[in-house]
Amino acid sequence: MQPTTAWQAMAQRPLSFLTSSWPWRSLAYLSSGVVVGAAAMVVFALGLAAGIVLLVVLLGVAPLVGLVLASTSVAAVERRRLRLVDLDRLDDPHRAPDAPGLRGWIATRLKEQATWRELVFTLLSAAALWWLDLLVLGFSFGVPATMIAATSGETWPWTVFGVIVLLSSPYTVTSWAGARAAMARTFLAPRDRELGEELREVRASQSRLLDSFDAERVRIERDLHDGAQQHLVSLGMTLGLMRLEVEDGTAQDELLTQAEKQLSTAHKELRALIRGLNPPVLADHGLVAAIEDYAGRFPIPVTVDLLMPERLSRKLETTMYYLINEAMTNIAKHSGATSAEVHGRYHADLFVLDIKDDGKGGLDPAGGGVTGLADRVSALDGRMRVSSPAGGPTLVHVEVPCRFA
């Protein structure tokens, strides 16, 4: 799978990454961040000063409102800059003005929550982010240049250190660029209520499909438990009664023994199927306990490291359980792995999940298994990234909005 973010490119191809365009794109992202952040700081400082001075004569509101609206321009520039290190499109969250003209535009923007999120991001960028960009660039290039230029017989260890820092600069710059871009996306990405009506309907349709699948799964589990399983129990009793009429050691006795063994196997497989359709441990104890129970029955060793402050909503728990289940099934069938790991954490309003195995890698992004996982994540309004270089390891990284029960 072709990387779509600088972070993903660095993780997938740590060596060939050096000869790709991603380090240069990350450098351009941070360098332009210094320019944009410094300009925003100057504009906001002047605007704030003018607003405070003019506020004395009741004219300062206009400059302050102008600063709020100027943040939308800074955010628009940031959305374009993000394409340097994150190829996923970031839609504009602003809607069309409620009324024509400048007054209508201003009134609409001031009522939108996206404008105020953009103001917070702009203030953060002006006050801190561009300084951090400059600090990373200075450490990556300024420090090595100073140390190399000051080379002498007594300072050669510092020169060596400067060369090491310079050689590692692509990773340093890209790591911070990826972190900065992820934070910018958190502030600037549109929320559900800010999306267009058509896209909201698509999201709602996906949610209805999840609910429908969940209800159908519960119905099938109930029908199997109350129907097929009871018929198997009744068949077992019938075979037991037949054995009373058959002498030991005869051909009929051997056939009955084989039938009872096959019935026992079918009963076990049906119980496992019912438990997989609607695992009681998931309903009673939550996602963490359900995954630990599933991992305990998995054919290869699985390390489970899931930490949640409390239980997720029922729909999210169920969907995440089957997502992990499907990913682990793919590992068992196709990866040739000898161990696997499931790691999950709650960060801000996101559930971040990593599923990793030490198999042969080369996972086909167009394969049915990956597509099925992507569909589940998309239905939760989440994002999925796959890193699977030839020879392994394979990492499936999932981020979904998290709501607790």
Side-chain angles (χ1 to χ4, degrees), residues 1 3-15 17 171 174-175 178-179 182 272 275-276 279 281-282 285-312 316-365 367-378 380 382-402 404:
M1 176 178 288
T4 58
T5 68
W7 263 359
Q8 188 180 9
M10 187 170 60
Q12 284 186 0
R13 304 162 183 170
L15 293 180
F17 159 80
Y171 300 99
T174 304
S175 296
R275 182 170 56 184
V281 66
L282 178 63
H285 303 288
L287 179 65
V288 176
I291 296 302
E292 289 176 344
D293 176 70
Y294 178 75
R297 296 179 278 107
F298 203 67
I300 64 174
V302 180
T303 301
V304 178
D305 183 15
L306 294 174
L307 291 180
M308 301 298 295
E310 54 184 291
R311 290 195 60 171
L312 302 172
L316 184 54
E317 271 195 342
T318 302
T319 305
M320 292 306 298
Y321 174 81
Y322 286 105
L323 186 150
I324 296 173
N325 192 302
E326 186 173 346
M328 298 299 292
T329 299
N330 291 338
I331 291 174
K333 288 183 176 179
H334 309 296
S335 72
T338 58
S339 66
E341 178 182 350
V342 179
H343 180 276
R345 290 292 186 272
Y346 170 72
H347 299 287
D349 60 347
L350 290 178
F351 179 44
V352 181
L353 175 70
D354 289 324
I355 304 172
K356 184 177 181 180
D357 69 76
D358 62 355
K360 60 187 178 182
L363 186 64
D364 181 9
V370 178
T371 302
L373 294 177
D375 289 343
R376 291 184 184 274
V377 174
S378 177
L380 293 172
R383 302 205 312 167
M384 186 180 83
R385 296 288 178 267
V386 178
S387 173
S388 185
T394 295
L395 172 65
V396 177
H397 178 82
V398 175
E399 298 177 3
V400 296
C402 183
F404 291 104

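Computed over heavy atoms, backbone and side chain alike; hydrogens, waters and symmetry mates excluded.
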I'd like to check His397 versus Val352 (side-chain heavy atoms, cut-off strictly below 4.5 Å). Are they in contact? yes

Side chains of Asn325 and Tyr294, heavy atoms from C-beta outward: is any pair under 4.5 Å? yes

Step-by-step side chain to side chain contact (heavy atoms under 4.5 Å, CB included) determination, Asp357 to Ile300: CA-CA 10 Å; Asp357 69 76; Ile300 64 174; 5.9 Å; no

What is the minimum heavy-atom distance between Ala332 and Pro299, and which atoms define it? CB-CG, 4.2 Å

May I ask you to check whether Thr338 and Asp358 show a side-chain donor-acceptor distance below 3.5 Å? yes

Tell me, do Ser175 and Met10 make a side-chain contact under 4.5 Å, heavy atoms counted? yes

Apply the side chain to side chain contact (heavy atoms under 4.5 Å, CB included) test between Asp354 and each candidate in Val396, Val342, Leu395, Val398; give the one that qualifies. Leu395

Side chain to side chain donor-acceptor pair (under 3.5 Å) partners of Ser335, counting only residues at least two apart: none

Say you draw a straight line from CE of Met384 to CG of Leu323; how long is it, rounded to the nearest 0.5 Å? 7.5 Å

Could I get the full list of salt bridge (charged side-chain N to carboxylate O under 4.0 Å, His left out) partners for Glu399, not counting sequence neighbours? none

Please identify each residue that fulfils salt bridge (charged side-chain N to carboxylate O under 4.0 Å, His left out) with Asp305, with sequence neighbours left out. Arg345

Heavy-atom closest pair (Phe17 atom, Thr174 atom, distance to 0.1 Å) is CZ-OG1, 3.2 Å

Taken to the nearest 0.5 Å, the spacing of Tyr346 OH from Leu307 CG works out to 14.0 Å

Are any of the side-chain heavy atoms of Phe351 and Leu287 separated by less than 4.5 Å? yes

Does a side-chain heavy-atom distance below 4.5 Å link Tyr322 with Thr329? no

To the closest 0.5 Å, what do you measure between NZ (Lys356) and OG (Ser388)? 12.0 Å

Inter-residue atom distance Asp293.CG - Phe298.CZ, 0.5 Å rounding: 13.5 Å

Kindly give the heavy-atom pair with the smallest separation between Ile331 and Ala340, and that separation in Å. CD1-CB, 4.3 Å

Side chain to side chain, Thr319 and Val400, heavy atoms closer than 4.5 Å: no

Give, for atom CE of Met328 and atom CD1 of Ile355, the distance between the pair rounded to the nearest 0.5 Å. 7.5 Å

